[in-house]
Amino acid sequence: MNITKQNIDDTNIVLSLEISKADYAEAVEKGLKETRKKVQMPGFRKGMVPAGMIKKMYGTQITVEEVNNLINRSMYNYIAENKLNVLGEPMICEDQEAVDFAAVENFTVKFDIALAPEFNLTLDNTVTVPYYTIQVSDEIKNQQIEGMRNQFGETVQVEEACADDVIKGDMAELDENGNIKEGGIVAEGATVFPRYFKNDDQKNIFNGAKKFASVDFNPAAAYDGNERELASLLQKKAEEVAGCTSNFRFTITEINHRQAAELNEDFFKKCFGEECTTQEAFEAKVVEAIAGQLAQNSEYRFSIDAQNVLKAQVGTLAFPEKALKKWLLAKDENRDAAKLDENFPKMMEDLTWQLIEEKIVAANDIKLTDEEIKEEAKIAISAQMAQYGMANIPAEYLNQYAESIVKDEKQRAQLRDNAMARKIMATIKGAVNIENKEVSIEDFQKLFA
């Protein structure tokens, strides 16, 4: 077989595969023999159908299969050997004539191939990327401590309510004169959470309310007309409370208050282990934990800034737009062409970054080990558990859970992508000039505005 390349422009080529019978005849013959061994026909023993009959019945089908195998194998070998950075998949040329295998033995097949644009990338200390370290203010530290005190606190019953309490009682609908409405809605054993009210006036009604006292409030105003919330509170179906704007009398039967844990040695140990025994050590651990959480935000911001800096350096690449759109539409017949045109610039921006990543991986010979993928799983597990307040996961459990996750092909692929992105960013961070900036949480949030 002879393969020739025609350069259309910098990112479009045509590969022509000149195929002769000698290229596929042996494979077809072998295919016919294998088919003959399997075919059963009346009047013939299995494997004894005449070869001529097999060829007549299956010859064209087997020829098409073997020629397709030959084309795919030869084309992708050529691409690999010539190190062509192909975008998408090769597409049959629009002017390619159909091959009649019953009439011709030698023919040429042509493919349009889209190539990634060439570009240079500088990755050294002449490139500057900002890195934002978020300050752990006393306000952030104290908020965290209060949250931990509530987490490790206990629920107690009290005689006087505040807006943060969980309040139980019996409800009765009132008429326009403020009296209990005859035949109105009644809900026994209802529970209100004033802290979640949308209306501050309604929330304040419960501040200072005493156990066994009655207060009048408007649930519709409290929940900003949310019928689902209203139905849940009144123990009715949504359609039964639709349009209900009445005031209700709430007779308090129980007030549950979350009492924060005391700042003592027992509390410190619960939070950070047996070695944490003093408030000074506890607060230091809190600051360290917050800094670790905020560092993840800093790393995320660095990845955005690094991408922006390197994409700006590379500039707008000249992609083979026509060929890529043709391939994308062929790949998904349900894709809308107009929507593709609209989204194409963003897709090419993402593809630019993908090509930059590939260049960094190749230039630095970045590879992943199974152990690194497993470590990525541990990071994901630890982050998930931290959301539930589980900061100190036993190493044995973490290891077992990670091993089970990496066995799942889909999750392993995602972990591999995440681990590779992390290694690429680490490579960038180690190569460029880092411009360190310490900012408050408020100023950091403004970076995303």
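Note that the structure is predicted; figures quoted are calculated from it, not measured.
In this structure, a donor-acceptor pair under 3.5 Å is present between the side chains of Gln414 and Asn418. A donor and an acceptor atom, one from each side chain of Asn12 and Lys322, are nowhere located under 3.5 Å apart. Side-chain N/O atoms of Gln202 and Asn204 include no donor and acceptor closer than 3.5 Å. Side chain to side chain, Thr251 and Asp170 fail the donor-acceptor criterion of an N or O pair below 3.5 Å. No hydrogens or angles considered: a donor-acceptor pair under 3.5 Å links the side chains of Ser246 and Glu173. In this structure, a donor-acceptor pair under 3.5 Å is absent between the side chains of Asn125 and Asn433.
In terms of heavy atoms, Gly178 sits closest to Arg249 at O-NH2, 3.0 Å. Taking both residues in full, the closest heavy atoms of Ser298 and Phe444 are given as N-CZ, 4.2 Å, listed atom of the first, atom of the second, then distance.
Counting only distance, with no hydrogens or angles, the side chain of Asp332 and the backbone of Asn334 share a donor-acceptor pair below 3.5 Å. Without hydrogens or angle criteria, Arg258 side chain to Gln151 main chain gives a donor-acceptor distance under 3.5 Å. A donor-acceptor distance shorter than 3.5 angstrom exists from the side chain of Ser404 to the backbone of Tyr401, with no hydrogens or angles considered. Gln411 contributes no side-chain N or O that, together with a main-chain N or O of Asp408, makes up a donor-acceptor pair within less than 3.5 Å. A donor-acceptor pair is defined here as one N or O able to donate and one able to accept, closer than 3.5 Å; no such pair exists between the side chain of Arg195 and the backbone of Ala163. Listed for the Lys359 side chain is a donor-acceptor partner under 3.5 Å among the backbone atoms of Phe119.
Both the sub-6.0 Å distance and the 45° axial angle are not jointly satisfied by Lys198 relative to the ring of Tyr223. Both tests hold for Arg301 against Phe448: distance to the six-membered ring centre under 6.0 Å, angle to the ring axis within 45°.
Ion pairing between Asp417 and Arg412 fails under the 4.0 Å rule for side-chain N and carboxylate O. Salt bridge status for Glu265 with Lys269: present, with a side-chain N to carboxylate O gap under 4.0 Å. Contact check on Arg422 versus Glu376 returns a salt bridge, with a Lys/Arg side-chain nitrogen under 4.0 Å from an Asp/Glu carboxylate oxygen. Using a 4.0 Å cut-off between charged side-chain N and carboxylate O, Asp365 and Lys367 make a salt bridge. The residues Lys346 and Glu349 are annotated as not salt-bridged, no charged nitrogen and carboxylate oxygen being separated by less than 4.0 angstrom. Under a 4.0 Å N-O distance rule, the pair Glu321/Lys325 qualifies as a salt bridge. Ionic pairing of Glu240 and Lys237 is not present here: no N-O contact between side-chain nitrogen and carboxylate oxygen is shorter than 4.0 angstrom. Remark: Lys270 engages Asp266 in a salt bridge, criterion side-chain N to carboxylate O under 4.0 Å.
Between Phe248 and Phe217, the distance separating the two ring centers is not shorter than 6.0 angstrom. Taking the six-membered ring where the residue is Trp, the centroids of Phe267 and Phe282 are separated by under 6.0 Å. Aromatic ring centroids of Phe250 and Phe206 lie under 6.0 Å apart.
The shortest side-chain heavy-atom distance between Gln313 and Leu121 falls under the 4.5 Å cut-off. Considering only heavy atoms from C-beta on, Asn256 comes within 4.5 Å of Lys168 through its side chain. In this structure the side chain of Asp305 reaches within 4.5 angstrom of the side chain of Tyr132, judged on heavy atoms. Within the 4.5 Å cutoff, no side-chain heavy atoms of Gln6 are placed close to those of Leu15.
Each of Lys437, Glu299, Glu438 was checked for a side-chain hydrogen bond (donor to acceptor under 3.5 Å, both in side chains) with Tyr131, and the lone residue meeting it is Glu299. The side-chain contact (heavy atoms from CB on, under 4.5 Å) test with Met347 singles out one residue from Thr352, Leu340, Leu324, and that residue is Leu340.
Atom-to-atom distance recorded for Lys374:NZ and Ile379:CD1 is 13.5 Å, nearest 0.5 angstrom.
Remark: Asn120 CG is loosely packed, at most 12 non-hydrogen atoms of other residues, nucleotides or ligands lying under 6.0 Å away. When the shell of 6.0 Å around CD of Glu118 is examined, it contains 12 or fewer heavy atoms from other residues, nucleotides or ligands. Residue Tyr300 places its OH atom among 12 or fewer non-hydrogen atoms of other residues, nucleotides or ligands, all under 6.0 Å distant. Atom NZ of Lys211 is surrounded by more than 12 heavy atoms from other residues, nucleotides or ligands within 6.0 Å.
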Asp165 and Phe193: side chain to side chain contact (heavy atoms under 4.5 Å, CB included), yes or no, with the steps?
-> CA-CA 7 Å; Asp165 292 337; Phe193 304 83; over 6 Å; no

Do Asp443 and Gln445 pass the side-chain hydrogen bond (donor to acceptor under 3.5 Å, both in side chains) test, and can you show the C-alpha distance, the side-chain angles, and the key distance before you say yes or no?
-> CA-CA 5 Å; Asp443 287 340; Gln445 291 168 345; over 6 Å; no

